[in-house]
Each structure stands twice: as structure tokens, then as C-alpha cells.
Amino acid sequence: MTTITLIPGDGIGPEIMDAALLVLDALKPGLDYEYADAGLAALEKHGELLPQATLDSIARNKVALKSPLTTPVGGGFTSINVTLRKHFDLYANVRPARSFPNTRSRFPTGVDLITVRENTEGVYIGEGQEVSDDGETAVLTSKVTHKGSERIVRYAFELARKTGRRKVTVVHKANILKSTSGLFLKTAREVAGRYADIECNELIVDNTCMQLVMRPEQFDIIVTTNLFGDIISDLCAGLVGGLGLAPGANIGEHAAIFEAVHGSAPDIAGKGIANPCALLLGVGQMLDHLAKPELANRLRDAIIATMEAKDALTPDLGGTGNTMGFARAIAARL
Ligand code: NAI
Ligand code: MG
């Protein structure tokens with residue numbers, strides 16, 4: 001049996017985690033679960049947002065399924081998600097976006113792409129943040145390394161090979177950000193040269209946003225630096241039906257954390273109406289990672305079939321269903 005760490009999280013977190021476990025049970029994946037706390041739930045129980053026991057559990061099991069966490073505003077708390085990515089050096093943030101039926105989205109067909117976002121560098125290193133005494137000037141440091149660029153672009157090309165995708169688009173702003181984005185682009189070209197079987201093109205980030213909105217079907221895999229990837233992947237989620245359908249994987253050499261892209265949704269927490277699909281699609285990514293692709297594909301097929309049948313859809317998709325009803329409808333198709 002493989003043991004994975006489960007972090008039920010805050011707000012709608014425990015609700016969608018229950019739904020995910022109900023569906024996982026129907027798949028009989030042969031997994032054992034070890035529960036761990038993080039976020040507000042951990043602060044209330046243990047007096048800290050990210051207890052050592054949780055870090056130990058992830059380090060031991062190497063795979064975690066995490067629901068959204070609430071980072072308290074103010075009080076000098078750094079984001080737990082950023083802390084986890086740093087602690088385990090989870091350098092690849094992998095965010096698929098694909099068209100689903102019956103979502104009221106702008107692209108009910110034709111979108112099937114993956115954003116591979118560098119997850120540890122760029123302006124998110126949080127260094128050099130200064131505001132002048134008169135409050136007139138603010139600066140911030142960005143850091144891009146050859147090593148960091150090489151491994152994320154290599155990850156994107158390897159992902160293309162593994163999933164039978166044909167094209168990698170390198171997204172940058174090297175015309176203006178000559179040092180940081182320039183190094184990223186130069187390194188990406190080096191790496192691309194080693195993958196003659198995969199088509200590679202380069203696109204400046206602002207043009208990428210316009211192209212995504214006008215003709216998203218031209219994209220297959222996008223690889224880019226941290227900030228651009230953060231923004232582009234939310235844009236892609238918006239193309240296909242919103243946050244309720246957007247999963248993300250944070251992958252490093254020694255650990256991987258699978259999650260929904262969305263947050264703890266305090267506005268609907270406790271109502272039992274959160275869409276469980278984002279976390280469930282994260283479960284699909286986790287099953288792929290655990291070398292159980294046939295289970296992952298069955299899960300994705302069951303989600304699509306449930307949406308096709310408009311069975312028990314949650315309100316964000318225009319339905320009148322609830323979280324557990326949606327999960328039961330998916331599980332019934334397994
Ligand atoms: P949010 O993603 O929680 O909510 C934004 C909007 O989307 C809300 O209207 C919410 O109801 C809706 N929504 C989100 N997930 C949904 C789902 N599964 N089904 C249906 N509707 C859904 O973002 P917000 O409000 O900015 O952040 C709330 C809290 O979440 C904050 O404390 C923030 O720090 C945290 N957060 C945590 C993340 C994580 O742990 N990965 C990621 C983003 C935010
Ligand atoms: Mg984001």
C-alpha cells in the first residue's frame with residue numbers, strides 16, 4: 001500500500017476533500033491515508049499554520065493531496081502554499097486546462113493545454129522588497145537561474161513526450177526584461193535543441209494572453225516563469241469554466257503536492273455547494289504521478305460523463321446540485 005498525506009484545509013476544503021475521498025474509494029486505488037493539518041485549522045489546533053508534523057508527513061510519504069488553506073490577512077503570516085513550495089523545492093507547477101461540456105464557458109470545446117509554471121524563482125522569491133521612506137518608490141528583486149530555467153523547461157518537454165503532446169510554447173518577455181526573461185529564453189532554446197521530436201515556439205507574454213483568448217486551440221504545453229505562469233494559468237482556467245475546474249500539481253524531486261487552484265471560498269463554505277471537480281482533477285494528476293494512469297483516465301472520463309449528463313452539477317456550473325451529490329454521481333460512473 002502507498003501512503004499519501006491528506007490535508008483537509010480550511011473553508012470549503014474539508015467539504016471537497018470528503019467528496020474526493022468518496023470518489024477515490026470507488027476507484028479502489030490501493031492507498032492509505034495519513035491526515036495532517038495546515039492553515040487556519042492547524043493554527044487553531046496546534047498554534048501554528050504549518051506544524052512540523054505536517055512537513056514530516058509529506059517528507060515521509062512524498063505525495064500529498066491538499067485542500068485550500070486560508071492564510072490569515074496581516075499579522076506577518078507568509079503564505080503556507082509558498083512556504084510548502086520552497087520547503088520541498090516543488091519547482092514545477094503543472095496546471096492543465098481543458099474544455100468540459102455544459103460549463104457556460106466561452107470555449108465548451110477545443111481547449112486542451114497545460115501551463116507549466118516555474119514555481120520557485122522570479123519575483124516570488126520575496127527578496128529585496130523595499131519602499132522608500134517617503135512612500136514614493138518601491139522596488140523588488142527578481143531572480144532567474146540557469147539551473148531553475150533548465151529544469152522547468154526540461155520538465156515541460158518530458159511532459160510532452162510522456163503525454164503524447166506535440167508542441168511546447170516558451171512564454172517570455174525577453175525583449176524588455178533582458179536579464180531575467182533573457183536568461184530563461186536562452187536556456188529554453190538550449191533545452192529545446194535536445195528535443196527534436198517536439199515542436200517548440202516562442203511567444204511574448206502579452207501576445208500570448210491575446211492569442212489565448214482568441215485562439216486557445218493553438219496551444220498544447222506552455223512553459224514560463226513564475227509570475228507569468230500564475231497569471232496565464234488563471235486566464236486559462238477562465239477560458240474553460242472557472243476555478244471549480246482548475247487543478248494544479250506542485251512537483252519536485254523529492255515530493256509532490258496535488259491541489260485545486262482555487263482558495264478556501266469563505267463565501268460558500270459550510271453550504272455544501274462547492275464544486276469538487278478541481279480537487280478531483282488534482283486527484284487525477286496524483287494518480288498519473290503514482291503511475292496509475294488507467295485509474296486517472298477512468299476518473300476524468302467519469303467527471304466528463306457526469307457533466308455531459310448535467311447530473312447533479314453544482315451552482316457554479318449552472319446546476320442546483322451539491323458537493324456530495326456531484327461526487328456520488330461521479331462515483332456511480334466508476
Ligand atoms: P477563492 O478561490 O477562495 O474564491 C474565489 C471565488 O470563487 C469565490 O466566489 C468562491 O466562492 C469561488 N469558488 C472557489 N472555489 C470554488 C469551488 N470549488 N466551487 C464553487 N465556487 C468556488 O479565492 P479568494 O476568495 O481570493 O480566497 C479565499 C481564501 O483562500 C484566502 O484566505 C486565500 O488566501 C486562500 N487561498 C488559498 C489557496 C490555496 O490554498 N491553494 C489559493 C488561493 C487562495
Ligand atoms: Mg494564482
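Read the numbers this way: they start at 1 and go in the same order the structure lists the ligands and their atoms.
Nearest residue to atom 31 (C) of ligand 1 from A19, G263, S264 is S264 (criterion: closest heavy atom). Selection from N275, D10, I268, D316 by nearest heavy atom to atom 22 (C) of ligand 1 gives I268. Nearest to atom 16 (C) of ligand 1 by heavy-atom distance, out of D234, I7, L243, I12, is I12.
Contacts between T70 and ligand 1, counted as non-hydrogen atom pairs separated by less than 4.0 Å, involve both the backbone and the side chain. With a 4.0 Å heavy-atom cut-off, ligand 1 is reached by the side chain of N81 but not by its N, CA, C or O.
Of the protein's non-hydrogen atoms, the one nearest atom 33 (C) of ligand 1 is L69 O, 4.4 Å. The protein heavy-atom contact nearest to atom 8 (C) of ligand 1 is D267 OD2, 3.4 Å. T71 N, 3.9 Å is the protein heavy atom nearest to atom 34 (O) of ligand 1. When only non-hydrogen protein atoms are considered, atom 14 (C) of ligand 1 lies nearest to H262 CB, 3.7 Å.
A salt bridge links K173 with D206: the distance from a Lys NZ or Arg NE/NH1/NH2 to an Asp or Glu carboxylate oxygen falls below 4.0 Å. Using a 4.0 Å cut-off between charged side-chain N and carboxylate O, K271 and E15 make no salt bridge. Ionic pairing of D316 and R104 is not present here: no N-O contact between side-chain nitrogen and carboxylate oxygen is shorter than 4.0 angstrom. Under the 4.0 Å criterion applied to side-chain N and carboxylate O atoms, D311 and R333 are assigned as salt-bridge partners.
By the 6.0 Å and 45° rule, R151 does not stack over the aromatic ring of Y155.
For atom 36 (N) of ligand 1, the nearest protein heavy atom lies under 4.0 Å away. The nearest protein heavy atom to atom 6 (C) of ligand 1 is not closer than 4.0 Å. Distances from atom 29 (C) of ligand 1 to the protein include at least one heavy-atom value under 4.0 Å. Under the 4.0 Å distance rule, the nearest protein heavy atom to atom 11 (O) of ligand 1 falls inside the cut-off. Of the protein's heavy atoms, at least one falls inside 4.0 Å of atom 19 (N) of ligand 1.
The atoms of ligand 1 that sit less than 4.0 Å from any heavy atom of K66 are 40 (O), 41 (N). Every atom of ligand 1 with a heavy atom of P68 under 4.0 Å away is listed here by number and element: 39 (C), 40 (O). Set against the non-hydrogen atoms of E259, the atoms of ligand 1 under 4.0 Å away are 41 (N). For ligand 1, the atoms lying closer than 4.0 Å to a non-hydrogen atom of P266 are 28 (C). For ligand 1 and A265, the ligand atoms under 4.0 Å from any heavy atom of the residue are 3 (O), 10 (C), 11 (O), 14 (C). Of all the atoms in ligand 1, the ones that sit under 4.0 Å from a non-hydrogen atom of A274 are 19 (N).
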> Between N61 and T3, is a side chain to side chain donor-acceptor pair (under 3.5 Å) present by the stated rule, with each step listed?
Replying inline: CA-CA 6 Å; N61 299 325; T3 304; 4.8 Å; no

> Please walk me through it: do R85 and E259 pass salt bridge (charged side-chain N to carboxylate O under 4.0 Å, His left out)?
Replying inline: CA-CA 12 Å; R85 288 168 193 169; E259 62 184 357; 3.5 Å; yes

> Hey, mind stepping through F258 and H289 against ring-ring contact (aromatic ring centres under 6.0 Å, His included) and telling me if it holds?
Replying inline: CA-CA 10 Å; F258 299 85; H289 180 82; 5.4 Å; yes

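Pairing each heavy atom of L50 with each of T54, the nearest pair is CD1-CG2, 4.2 Å. Taking each heavy atom of I257 and I58 in turn, the nearest pair found is CD1-CD1, 4.2 Å. Of all non-hydrogen atoms in R165 and I114, the two that sit nearest each other are NE-CD1, 3.5 Å. Across all their heavy atoms, I16 and L279 have their closest contact at O-CD2, 3.7 Å.
Take a cut-off of 2.8 Å around the Mg ion (ligand 2): the protein N, O or S atoms inside it are D230 OD1.
Using bins of under 30°, 30° to 60° and over 60° for the plane-to-plane angle, the ring pair F157/Y195 lands in the parallel bin.
Counting heavy atoms from C-beta on, the side chains of I176 and S181 never come closer than 4.5 Å.
Residue contacts with ligand 1: A278 is excluded, as none of its non-hydrogen atoms falls under 4.0 Å. Using a 4.0 Å heavy-atom cutoff, V261 is listed among the residues neighbouring ligand 1.
One distance of note links CD1 of I232 with OG1 of T224; it measures 5.0 Å at 0.5 Å rounding. Atom-to-atom distance recorded for I330:CD1 and T306:OG1 is 5.0 Å, nearest 0.5 angstrom.
Under a 3.5 Å cut-off, the side chain of S105 and the backbone N or O of F107 do form a donor-acceptor pair.
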